[in-house]
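Order of the sequence lines sets the chain letters (A, B, ...), proteins ahead of strands, with each chain counted from 1. Below, each value reflects all heavy atoms present in this structure, side chains not excepted, and no hydrogens, waters or symmetry copies.
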Amino acid sequence: MASAVLFDNVSKHFAEVVAVDGVDLTIEDGEFFSMLGPSGSGKTTCLRMIAGFERPTSGRLLLRGTDVSGLPPYDRDVNTVFQDYALFPHMTVAENVGYGLMVRKVGQAERRNRVDEALALVHLETLGNRRPAQLSGGQRQRVALARALVNRPSVLLLDEPLGALDLKLRQEMQIELKALQREVGITFIYVTHDQEEALTMSDRLAVFNHGRVEQIGTPADVYESPRNAFVAGFVGVSNVVESAMAARLRGAPEPFTVRPEKITLSDRTVEPPDGTVSVEGTVIEATYLGMYSRYRVDVDGAVLLVASQNLDVDHSEVGAIRGKRVRLFWSERSCRPLAEAADDEKGPRPLTRLGS
Amino acid sequence: MTTPEKPTIQRIATALYRRPRLRLALLLGVPLLWMVGVYGGSIASLLVQSFFKLDSFSGTVDRSLTLDTWRDLFTGANMSVAARTIGMAASVTIASVVIAFPLAYYMARYASRRTKAVLVMAVLVPLWSSYLVRVYSWKLILSADGIVSWFFGRLGLSGLLDAILGLPGIGGPSLSVSFLGQFLVFVYIWLPYMVLPIQAALERVPRSFLEASADLGARPATTFRKVAWPLAIPGVAAGSIFTFSLTLGDYIIPTVIGDSSPFIGLAIYSYQGVAGNLPLAAAFAFVPIAVMGLYLVGAKRLGAFEAL
């Protein structure tokens, strides 16, 4: 069976602006696939091209093996959950959910059944007669989901659907969305700028930057082995150790990254265990964050970020560490080589950078 | 220690801060006086007038309360004037919607900021010149030897124009003395009042609503019928209130253009002026008010204001 979605060297230009620049991407049937990137990285434009709201300037876009580059949205077997939900204010919840069936001339009885089913799927069975204006943000979000899913599309597109919800609701919805996707088995393509969301829900994800795909992989792949400094800095927080410093620390000039939580911070008299990379530095900032603390450590003029669980220290002890000379060490295998050299000219830098 | 005297302005501000009712009174005093006192009062005095009666012998107004004037109003001649006016107001409104909607849609959805500004100006600029001048210009445009006849002649379609003018009810010797001519001028004069409210309503419809409709499988015609049009209805209703009520009350266009068959405004004008029958003029003045009232109730029943 052909892939659910295939981008074949797709580009999209808006006048002078290159929004999407030669994207190749394959999304398999039944996957929960996220497109992650900062705003303006081209992820939403890619989603809108799948939906048919934008047409590629060049390249081919295939849905289940069929080239859809010239097909309007109403002739595509995909549905979208919009960022602002786009619920029709002059229709009830049930009319909104039944809209796709109504325009496709599905009979009244079947329509009612499927609307009920879809509302039950998102736990809103009792709200069918309400107007969207009478619902909370979370409920509107669910109506938007039901309205898209009721048509049983081959691909469901979600454009930052949780952006307008508060943190707690967002986290609940993340879990629920993932469960829903397993239940219905539809391919979900999820656009977000929130790396936590992408890591929580996705089977695979693509990191976008400046209209290009920087890396595609499972959340663990992308997090553990970022291909370049941009991915390392955008997906989670990372320390990028550049060649000069890398040579000093490990004897090889290949730049690598190390995640803050992989670094142990200890008294400088402590002897680092075998198989670790070790360095001394001065704590310039110590922030107590409840579950863990965050330290910024100056190592020969560069800053290394360390995240450490508050296992055996309390608030005042964390504060007292500031200004102290400390030893940092981390396991050799936590050093992740960067496949691509840092590309300074494009995009935001990763949070920290070691060496010169 | 003595507190220094506060500046007056500050004392006033503090007094207002402490007295919300006073604040409200200052805010609404003048508009309320105008709307309730001057405007409401005039209408009330009009209503009272309509229950007086003109003594047909002396030609003076008899100030004892009676329903005779209202009985006079509901005679065939007056009712046919009312019917003609309402029919004209309704057709002008419908024609305005048909012409204004595509323009408003273009302005709201597709036009660049610059184009939109140009179009808004183009819609508004005619309102800067005198209404009378524009109506008289139309008399020339529509006259038998005016530019419209000339144009039909050049196209070799004089026969068609004559055929249209030959139609009973709307035709006449020339466009400028026909019901059709009146209709054209009414539509021209009131069109801006329809374009702008529809455009404002459409501006408030997010693009994502139209995209969502297409996404769910609706072709453009369905999207228009089920999403764009229902959401534009408050604007259409607002515009139609203008075109409908302005046509109902107008008496200049029927005087200048057309075959001088009376409209409500014209009838009121002649009853209070020439005939000196102020009570009947007053009663007649309630016809447009009543029609507008019924129109608004009807529009509300049909849900025109639900999307507001």
Side-chain angles (χ1 to χ4, degrees), chain A residues 15 44 47-54 71-92 95-106 111 115 118 131-133 140 143-153 155-161 164, chain B residues 97 101 104-106 108-116 197-240 296 298-308:
Chain A
T44 298
L47 193 82
R48 291 173 60 79
M49 285 194 284
I50 304 174
F53 304 137
E54 311 287 355
L71 280 189
Y74 43 84
D75 286 334
R76 297 187 187 201
D77 186 20
V78 299
N79 285 119
T80 307
V81 175
F82 289 82
Q83 190 170 10
D84 63 356
Y85 315 145
L87 300 179
F88 305 129
H90 57 298
M91 298 181 196
T92 63
E95 285 167 345
N96 263 287
V97 175
Y99 188 85
L101 302 175
M102 188 261 299
V103 301
R104 293 208 159 97
K105 311 234 180 330
V106 173
R111 205 196 303 167
V115 167
R131 290 287 170 114
R140 279 180 217 176
V143 175
L145 260 173
R147 183 176 71 172
L149 285 173
V150 77
N151 306 297
R152 299 174 188 155
V155 178
L156 184 73
L157 307 172
L158 302 106
D159 185 9
E160 310 216 10
Chain B
V97 174
F101 202 98
Y105 196 86
Y106 176 79
R109 281 261 97 78
Y110 298 110
S112 65
R113 286 171 63 122
R114 212 185 126 79
T115 318
K116 193 187 294 180
I198 296 181
Q199 187 225 343
L202 286 172
E203 293 269 3
R204 288 205 308 266
V205 178
R207 179 194 295 273
S208 65
F209 285 9
L210 307 179
E211 285 178 351
S213 176
D215 187 71
L216 293 165
R219 283 163 196 286
T222 313
T223 297
F224 176 80
R225 223 176 53 243
K226 299 283 182 186
V227 181
W229 173 255
L231 292 174
I233 280 184
V236 173
S240 70
L296 289 179
K300 190 172 182 326
R301 282 270 168 80
L302 290 175
F305 307 113
E306 271 174 31
L308 275 181

Q) Where the side chain of Asp84(A) meets the backbone of Ser208(B), is there a donor-acceptor pair that is under 3.5 Å apart? A)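 Checked: no pair found.
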
Q. Under the 3.5 angstrom rule, does the side chain of Arg219(B) hit a backbone N or O of Tyr74(A) as a donor-acceptor pair?
A.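 No.
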
Q: Taking the six-membered ring for Trp and the single ring otherwise, decide whether the centroids of Phe101(B) and Tyr106(B) are under 6.0 Å apart.
A: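 No: the rings miss the under 6.0 Å criterion.
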
Counting heavy-atom pairs closer than 4.5 Å to chain B, which one of [options] comes out on top?
options: Gly52(A), Ala51(A), Gly100(A), Ala148(A); result: Gly100(A)
options: Val150(A), Asp75(A), Asn151(A); result: Asp75(A)
options: Gln83(A), Arg147(A), Met91(A); result: Arg147(A)

Q. How many angstroms lie between atom CE of Met49(A) and atom CD of Glu54(A), to the nearest 0.5 angstrom?
A.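 With rounding to 0.5 Å, CE (Met49(A)) is 8.0 Å from CD (Glu54(A)).
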
Q.
Does any part of the side chain of Leu210(B), heavy atoms only, come nearer than 4.5 Å to the side chain of Phe224(B), both counted from C-beta?
A.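 Result no, sub-4.5 Å side-chain heavy-atom pair not found.
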
Heavy-atom distances under 4.5 Å only: say whether [X] touches chain B with side chain, backbone, both or neither.
X: Leu101(A); result: neither
X: Asp77(A); result: neither
X: Arg48(A); result: side chain
X: Asn79(A); result: both

Q | Residues forming a side chain to side chain donor-acceptor pair (under 3.5 Å) with Asp159(A), sequence neighbours excluded | A |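 Side chain to side chain donor-acceptor pair (under 3.5 Å) check on Asp159(A) returns nothing, list empty.
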
